[in-house]
Amino acid sequence: MTEFSTADPAGARAHARAMAGLRVESQPTVPASAAEDRPEGVDPQAMLWAETIAPGGYAAKRLNRGARLRLVDLKGDACVSMLLFNAERPVERLNVADTQKVQWNAYLDAGKLLLSDMGKVLMSIVEDTAGAHDAFCGASNAASNARKYGTGDNWGPHPNARDRFMLGVAKFGLGRKDIHPCVNWFKGVRIAEDGATRFNLGPYAPGRQVTLRAEMDVIVVLANCPHVLDPRPEYAVTPARVLAWRGEPTPENDPIRNATPEGLRAFQNVEEDLRR
Amino acid sequence: MPDLTGPIVLDEVVPARAPWTAVVRKGQTLRIVDLEGNQAVDFLMYALADDAERYSAQDTIAAQGNIFLRTGSVLMSNEGNPMGVVTGTSVEYHDTIGGACSCESNTLRYGHHTKSQHACVENFLQGNARYGRGKRDMVSNINWFMNVPVEADGALGIVDGISAPGLYVDMRAEMDLVVVVSNCPQINNPCNGFDPTPVRMVIAG
């Protein structure tokens, strides 16, 4: 029963407007400056993005160079899959193989870089309290979710990460061919000597977080769906919090920039590209 | 090498450093022969009917629970469908995490003096261009005959190969495919024994 008649436009408008002020667990905070969980030391006016992504949900955002992006595993069972593009020229995007090969290491943790397919650094990992991420196994898809959960469609109860990505990239004018190999935050995969994948299901503590720094203007696309190797029969995933704020571009004396000769050249290639 | 079943519909040698493309129909087998040993063959494939569906290293790794490609490995698409099956190989395993060399990544790995050297992404772009595909169609590829171990701490690298002259891999197509290959021109790491060489391609069935 409703207290409004929606039989005419005025009633329908009153009904719609009466929803203002409702709050749900998973939604953006607009403006982001109003977020109650603003990181310590960050000016409210520097906040760029505050959003809680639902289990099975997705979000996408353009961030400028220097912006910090913090992902928080609110309840200990999030799995945030990420695509990453150069916002100025989205045909340049994250290259997972180059990210691993150039850094001579397969695992993502603090100090590592996310590299593009054009020999440049898109983002760097400035802080990581989670210590369990995955650059090997990629996104779930409609077929894999259908096998595990019976369905995998965007309009059903078990959305898959690939189809979430499809919607996320579409809103930036990109399409299925732009869904590149991704990284998965908060669920760990390690490789055994014989090449076998070892999935770390947890349980993990709530509040784990990873903080990234944009090293060029980027488009970030996030999907929060169960990891493709998650063995649980139920669609198990909890909300993820996203916080972003304005920051200074990386200075020349930055320790992450200068940590390795390969990484330094990735920063230099960005700086060269941005020279005007 | 075991005999291939069915008529031989193509038998070609790909010169060192060159791109190569072919259509492989469902049920046909593509055999790649490492003629002179330890020659990385960078390999992408697309569904002939819808080239937004393409080989996915990540889906393949997740589906088989292993980073190495061996006899029996099912090569998965980005939409979770089998594209091919490794029906036989005389090499212990092949790579699918090392990606393709590019002029740009070479500047990171070796220095800007390598920028002008030919690279696999250049071959992939040229091979794909005739079909109207471009840079958005570059994804993590297979490297037949290439050795990329991952150590306990995550250390990873392209190291000395485990192939040898005359070793082969057979892949049976599970759908109609466009295959795009770069016969890797890399000279700065051991993936080609620092000396790129020809490989042989046979399609049968």
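Naming convention: chains lettered A, B, ... in sequence-line order (proteins, then strands); numbering from 1 in each chain.
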Undergrad: Please look at Val91(A) and chain B and tell me whether the side chain, the backbone, both or neither of the residue comes under 4.5 angstrom of a heavy atom of that chain.
TA: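 Both the backbone and the side chain of Val91(A) come within 4.5 Å of chain B.
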Undergrad: Of the listed residues (Ala192(A), Ala106(A), Ala143(A)), which shares the most heavy-atom pairs with chain B below a 4.5 Å separation?
TA: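 Of the candidates given, the most pairs with chain B belong to Ala106(A).
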Undergrad: For chain B, which residues from residues 210-231 of chain A lie under 4.5 Å away (heavy-atom distances)?
TA: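 Result: Val228(A), Leu229(A).
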Undergrad: Within the 3.5 Å criterion, strictly below it, is a donor on Asn141(A) or Glu79(B) matched to an acceptor on the partner's side chain?
TA: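 No, because no side-chain N or O of Asn141(A) sits under 3.5 Å from a partner of the opposite role on Glu79(B).
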Undergrad: Could you check whether Arg70(B) pairs with Glu92(B) (Lys NZ or Arg NE/NH1/NH2 to Asp/Glu carboxylate O, under 4.0 Å)?
TA: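 Looking at Arg70(B) and Glu92(B), the cut-off is not met.
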Undergrad: Does the pair Asp77(A)/Lys187(A) count as a salt bridge with the N-to-O cut at 4.0 Å?
TA: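 Judged by the 4.0 Å cut-off on N to carboxylate O distance, Asp77(A) and Lys187(A) do form a salt bridge.
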Undergrad: Answer yes when Glu92(A) and Lys120(A) have at least one side-chain N-carboxylate O distance shorter than 4.0 Å, and no when they do not.
TA: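 Salt bridge flag = yes for Lys120(A) with Glu92(A).
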Undergrad: Side chain from CB out, backbone as N, CA, C, O: work out which of these in Ala63(B) comes under 4.5 Å of a heavy atom of chain A, or both, or neither.
TA: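 Neither part.
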Undergrad: Pick from Asn141(B), Val181(B), Asp95(B): which one makes a side chain to side chain contact (heavy atoms under 4.5 Å, CB included) with Asp42(B)?
TA: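 It is Asn141(B); the other options fail the test.
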Undergrad: Between Ser56(B) and chain A, with a heavy-atom cut-off of 4.5 Å, which part of the residue counts as in contact: side chain, backbone, both or neither?
TA: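 The answer is neither part of Ser56(B).
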Undergrad: Assess whether side-chain contact (heavy atoms from CB on, under 4.5 Å) is satisfied between Lys148(A) and Arg232(A), documenting all intermediate values.
TA: CA-CA 9 Å; Lys148(A) 280 168 77 174; Arg232(A) 293 170 290 185; over 6 Å; no
Undergrad: Does any heavy atom of chain A fall under 4.5 Å from the side chain of Tyr93(B), the backbone, both, or neither of them?
TA: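 No part of it gets close to chain A.
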Undergrad: What part of Asp50(B) is in contact with chain A, defined as an atom under 4.5 angstrom from a non-hydrogen atom: side chain, backbone, both or neither?
TA: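 Contact with chain A: side chain only.
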Undergrad: Checking an interface table here. Which of residues 112-135 of chain B come within a heavy-atom distance under 4.5 Å of chain A?
TA: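 Residues His112(B), Arg133(B), Lys135(B) are the ones that qualify, each having a heavy atom under 4.5 Å from chain A.
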Undergrad: Does anything in residues 260-276 of chain A get under 4.5 Å of chain B by heavy atoms, and if so which residues?
TA: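 Under the 4.5 Å heavy-atom cut-off, Glu262(A), Arg265(A), Ala266(A), Asn269(A) qualify.
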Undergrad: Go through the side-chain N and O atoms of Glu252(A) and Asn258(A) and say whether any donor and acceptor fall under 3.5 Å apart.
TA: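 No, no side-chain donor-acceptor contact under 3.5 Å.
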Undergrad: Taking only Lys NZ, Arg NE, NH1 and NH2, and the carboxylate oxygens of Asp or Glu, determine whether Arg31(B) and Asp170(B) approach each other closer than 4.0 Å.
TA: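 Looking at Arg31(B) and Asp170(B), the cut-off is met.
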Undergrad: Check whether any side-chain N or O of Asp163(A) sits under 3.5 Å from a backbone N or O of Ala142(A) as a donor-acceptor pair, and report yes or no.
TA: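 No, because the side chain of Asp163(A) does not come within donor-acceptor range (under 3.5 Å) of the backbone of Ala142(A).
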Undergrad: Please state whether the side chain, the backbone, both or neither of Arg147(A) comes within less than 4.5 Å of a heavy atom of chain B.
TA: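 The side chain, not the backbone.
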Undergrad: Side chain, backbone, both or neither: which part of Asn106(B) has a heavy atom under 4.5 Å from chain A?
TA: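 Answer is neither: Asn106(B) stays 4.5 Å or more from chain A.
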Undergrad: Is the CD atom of Glu234(A) crowded by more than 12 outside heavy atoms at less than 6.0 Å?
TA: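 It does: Glu234(A) CD has more than 12 such atoms within range.
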Undergrad: What pair of heavy atoms forms the shortest contact from Val179(B) to Phe43(B), and how long is it?
TA: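 Heavy atoms of Val179(B) and Phe43(B) come nearest at CG1-CE1, 3.4 Å.
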Undergrad: Closer than 4.0 angstrom, basic N to acidic O: yes or no for Asp128(A) and Arg208(A)?
TA: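 No, no charged N to carboxylate O under 4.0 Å.
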Undergrad: Do we see a donor-acceptor contact under 3.5 Å between the side chains of Asn86(A) and Arg93(A)?
TA: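 No - no donor-acceptor pair under 3.5 Å links their side chains.
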Undergrad: For the backbone of Gly84(B) and the side chain of Glu174(B), can you confirm whether one donor and one acceptor N or O come within less than 3.5 Å of each other?
TA: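 No, Glu174(B) side chain to Gly84(B) backbone: no donor-acceptor pair under 3.5 Å.
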Undergrad: What pair of heavy atoms forms the shortest contact from Ser140(B) to Ala97(A), and how long is it?
TA: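 Minimum heavy-atom separation between Ser140(B) and Ala97(A): OG-CB, 4.1 Å.
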Undergrad: Heavy atoms only, distances under 4.5 angstrom: which of Gly111(B), Cys101(B), Ser102(B) has the most pairs with chain A? Name it, please.
TA: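 Top count of heavy-atom pairs under 4.5 Å with chain A: Gly111(B).
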Undergrad: With chain A, which of Arg136(B), Glu104(B), Met138(B) has the greatest number of heavy-atom pairs at distances under 4.5 Å?
TA: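 Answer, by heavy-atom pair count under 4.5 Å with chain A: Arg136(B).
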Undergrad: Indicate the atoms forming the closest heavy-atom contact of Leu108(B) with Val102(A), along with that distance.
TA: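 Scanning both residues, the minimum pair turns out to be CB-CG1, 3.8 Å.
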Undergrad: Taking atom CZ of Arg89(A) as the centre, does the number of heavy atoms from other residues, nucleotides or ligands within less than 6.0 Å exceed 12?
TA: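 It does: Arg89(A) CZ has more than 12 such atoms within range.
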Undergrad: Any luck finding a side-chain donor-acceptor pair between Asn184(A) and Asp134(A) under 3.5 Å?
TA: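 Asp134(A) and Asn184(A) do have a side-chain donor-acceptor pair below 3.5 Å.
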Undergrad: Ala135(A) versus chain B, heavy atoms under 4.5 Å apart: side chain, backbone, both or neither?
TA: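 For Ala135(A), backbone heavy atoms alone lie under 4.5 Å from chain B.
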Undergrad: At a heavy-atom separation under 4.5 Å, does Arg162(A) approach chain B through its side chain, its backbone, both, or neither?
TA: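 It is the side chain, since no backbone atom gets that close.
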Undergrad: Can you see which heavy atom on Ile53(A) is nearest to which on Tyr58(A), and at what distance?
TA: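 Looking at all heavy atoms of both residues, the shortest contact is CG2-N, 3.5 Å.
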Undergrad: Please output the residues of residues 142-157 of chain B in contact with chain A, using a heavy-atom cutoff of under 4.5 Å, in numerical order.
TA: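 Only Val150(B), Glu151(B), Ala152(B), Asp153(B), Gly154(B), Ala155(B), Leu156(B), Gly157(B) of residues 142-157 of chain B have a heavy atom under 4.5 Å from chain A.
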Undergrad: Report yes or no: do Gln209(A) and Asp73(A) form a side-chain donor-acceptor pair below 3.5 Å?
TA: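 Their side chains do not contain a donor-acceptor pair, so the 3.5 Å distance test is not met.
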Undergrad: Answer yes if the side chains of Ser73(B) and Gln64(B) hold a donor-acceptor pair under 3.5 Å, and no otherwise.
TA: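 Judged by distance alone, the side chains do pair up.
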Undergrad: Thr99(A) and Leu108(A): which non-hydrogen atoms are nearest, and at how many Å?
TA: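 Shortest heavy-atom separation between Thr99(A) and Leu108(A) comes out as CG2-CD2, 4.2 Å.
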Undergrad: Could Arg62(A) and Phe172(A) be counted as a cation-pi pair, given that NZ or CZ must be under 6.0 Å from the ring centre and within 45° of the axis?
TA: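 Here Arg62(A) fails the 6.0 Å and 45° test against Phe172(A).
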Undergrad: Below 4.5 Å from any heavy atom of chain B, which atoms of Ala196(A) appear? Answer side chain, backbone, both or neither.
TA: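 It is both, since atoms from each part get that close.
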